[in-house]
Novice: 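Before I ask anything, let me first share the structure, which is written out below as structure tokens.
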Amino acid sequence: MAALSICESLMLALNDAHILPEAEILGVLKDAAEVHENIKETDAQFGDHQAVAVLIRKIIAGGNSVRRGPLS
């Protein structure tokens with residue numbers, strides 16, 4: 001969770017500095033969630049990956065990054 005928190009803060013900073021637009025940041029977050037969602041159930045850390053995907057999806061849905069409002 002700490003790493004996700006740091007990444008979320010970095011995404012906010014990149015957007016605030018006009019380095020990455022909102023669409024790119026959302027793409028990065030969605031891609032990261034999909035990678036963790038597509039881990040095979042036989043992976044020893046399957047549950048951890050699923051939990052990470054849920055947290056990333058909450059960041060997107062909760063609007064904690066980029067626009068600071070609900071994200072699409």
Novice: If you measure from CG on Leu20 to CG on Leu10, what distance do you get to the nearest 0.5 Å?
Specialist: 11.0 Å
Novice: Measure the shortest side-chain to side-chain distance between Met11 and Asn15 over non-hydrogen atoms and say whether it is less than 4.5 angstrom.
Specialist: no
Novice: For Leu55, which residues count as a side chain to side chain contact (heavy atoms under 4.5 Å, CB included) partner, sequence neighbours excluded?
Specialist: Met1, Leu4
Novice: List the atom of Leu29, the atom of Ile59, and the distance in Å for their closest heavy-atom pair.
Specialist: CD1-CG2, 4.2 Å
Novice: Hey, what do you get for CG (Asp31) to CG (Leu26), rounding to the nearest 0.5 Å?
Specialist: 10.5 Å
Novice: Could you pull out all residues at least two apart from Glu37 that satisfy salt bridge (Lys or Arg N to Asp or Glu O under 4.0 Å)?
Specialist: Arg57
Novice: Is Ile19 reachable from Val28 through a run of I, L, V, M, F, W or Y residues, each pair having side-chain heavy atoms under 4.5 Å apart?
Specialist: yes
Novice: Can you give me every donor-acceptor pair (side chain of residues 42-53, partner residue at least two apart or in another chain, under 3.5 Å) with its distance?
Specialist:
| unit_1 | atom_1 | unit_2 | atom_2 | d |
| --- | --- | --- | --- | --- |
| Asp43 | OD1 | Gln45 | N | 2.7 |
| His49 | ND1 | His36 | ND1 | 2.9 |
| Gln50 | NE2 | His36 | O | 3.2 |

